[in-house]
Amino acid sequence: AALGEGRRCGLARRDAQRRIDQLLDEALREGAAGSGSGPDAVAGTSTSTGTTTGTGAARVADGAWLGRLVDLLETVAGRPAYLALLEQYPGAFRQLLRMIGQAKWAADYLTRHPVVLDELLDGQILEAVDYAAWERDLRAALAATTTRGGEPDVERQMDMLREAHHAQVFRLLAQDLGGTLTVERLSDHLSELADRVLAIVLERAWAQVRGAHRDVTRFAIVAYGKLGGKELGYASDLDLVFVHEDDDERAPAAYAQLAQRMSAWLQTRTAAGLLFEIDLRLRPNGDAGLPVVSLRAFETYQRDSAWVWEHQALTRARFAAGDAAIGAKFETLRREILGAPRDAGALAAEVRAMRRRMTDGHPNRSALFDVKHDAGGMVDIEFLVQYLVLAHAAAHPELLDDAGNIALLDRAARAGLIDATAAADCAQAYRDFRRLQHVLRLNDARYARVDPGSVAAQRAAVRGLWSAVLGA
């Protein structure tokens, strides 16, 4: 029996190797065809330098795409069904080649999560997704996943949630690389997907809390940062704050346990990978504070103890999941705090000082321009918008909406607070910087840095508006 088993394993290995060789031969033929849509086409970045060309398509370093393909095929060699399907569906294989040629991140993602290859084979990868239906179906599938004893199979549920999320991210990646999504629209999709994952995690984690004192929580998840501003990227972590409005004496202990369970659901690396890294340091008192605070305590802290930079962060905060009534109260509170009158001169000095501290914390010793951190980059634009909100929202409440930096620049111009042409130029610079950063990260650049000359006009626009609004 052992001899027969060994022989079958040997035959399976040889069959897998034959399929890999055939797929590699097909890939080389595709590469030799040599069109701009071939496997070595990549939009807007040179992986040999890690910098953006600014002129459209560039080529992956010779052989890089082939190495990515070899790594992927070796990863799935133990799953002969995938090799057979790639061989059987040449259209899907060609799309796979285009994706790994365009972005190293795509190749790495597939290698880490080969199960998402199923998305390539269903023929609907470029179709829009109904996220409400996706969430509903996933909730039902998770609820039906139990052990033989009828208890929730938490380990399998965590894997299922990861696999479902990975599949949707991969669909968005295919649409992104296919040119059907702008960076802004991609972030909208990723942010909505994250919100729905958080809602599911909250429900599943509460079911694990021992001695839960109510069936449905009075608990809300507030998103800050990139998720709060709906600017989430593929690998972004989540800046979260947990609040509750529950006077039951058992609530603090129960919600602290819930926060721990949620962190495990999100951050534990299972056989299917992880969902998100999360950062809870924006909660009141940071690392020294409680993991979950009452809405009343959050209000007291924001009114009496918060630093200016914490109010800057609040401009990009929003309710993401949980009790919608608490979310509405949070938004009312956020608008009251941000709309309070402030001394514009003192505020400007605080914003400039915080900007200097951020610059010191992200030194750039290269000759390249860091599109995020250097003067004239994305952080300058974000700080400008935050200042405009904090300084002028009392008189111009239209600035209180969490509408995004581009929309808020336009609103500030319409209110007469900044020059309209300068605002439009600065908004376009923000779009350009985000696009450059996105392309660089897709190809594993450590820093989002480019030739300074390629973005000279954008830098000048940002520094000009900074000087006009905040001074030197």
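In this text the structure is predicted, and so the values were computed from the model without any measurement.
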Point to revise | Partner residues of K329 under the side chain to side chain donor-acceptor pair (under 3.5 Å) criterion, sequence neighbours left out | key: E245
Point to revise | Distance-only donor-acceptor check, side chains N364 and D370, under 3.5 Å | key: no
Check your understanding: Does a side chain donor of either D21 or Q17 reach within less than 3.5 Å of an acceptor in the other side chain?
Key -> yes
Check your understanding: Quick one: salt bridge (Lys or Arg N to Asp or Glu O under 4.0 Å) partners of D380, sequence neighbours excluded?
Key -> R355, R463
Practice item. Sequence neighbours left out, what pairs pass ring-ring contact (aromatic ring centres under 6.0 Å, His included) with at least one residue falling in residues 243-264? Key: W206-Y255, H213-Y255, F219-Y255, H244-Y255
Practice item. Flag the pair F242 / M262 as yes when at least one side-chain heavy-atom distance between them is below 4.5 Å, and no otherwise. Key: yes
**Study point:** Partners meeting ring pair (Phe, Tyr, Trp, His ring centres under 6.0 Å) with Y131 (sequence neighbours left out)
**Key:** H189
Exercise for review: For D444, enumerate each residue passing the side chain to side chain donor-acceptor pair (under 3.5 Å) test, keeping only those at least two apart in sequence or located in another chain.
Suggested key: K104
Check your understanding: How would you list, by chain and number, every residue that makes a salt bridge (Lys or Arg N to Asp or Glu O under 4.0 Å) with R171, sequence neighbours excluded?
Key -> E119, D122
Revision key, fill the gap. Those residues at least two apart in sequence (or on a different chain) that pass side chain to side chain contact (heavy atoms under 4.5 Å, CB included) with T75 are T111, P114
**Study point:** Test side chain to side chain donor-acceptor pair (under 3.5 Å) applied to T332 - qualifying residues, sequence neighbours left out
**Key:** none
**Study point:** Contacts of D195 that satisfy side chain to side chain donor-acceptor pair (under 3.5 Å) - sequence neighbours left out
**Key:** R318
Point to revise | The single option from D239, D237, L232 passing side chain to side chain contact (heavy atoms under 4.5 Å, CB included) against L227 | key: L232
**Study point:** Distance-minimising heavy-atom pair for F433 and G377
**Key:** CE1-CA, 3.8 Å
**Study point:** Residue pairs passing the side chain to side chain donor-acceptor pair (under 3.5 Å) test where at least one lies in residues 266-280, sequence neighbours excluded
**Key:** D159-T270, D279-R281
Practice item. Report the residues that fulfil ring pair (Phe, Tyr, Trp, His ring centres under 6.0 Å) with Y109, sequence neighbours left out, ordered by chain and then residue number. Key: W105, H113, H166
Exercise for review: List in chain and number order the residues that pass ring pair (Phe, Tyr, Trp, His ring centres under 6.0 Å) with H311, two or more places apart in sequence or in another chain; answer none if no residue qualifies.
Suggested key: none
Exercise for review: Tell me, yes or no, whether the heavy-atom count around Y89 atom OH, taken from other residues, nucleotides or ligands under 6.0 Å, exceeds 12.
Suggested key: no
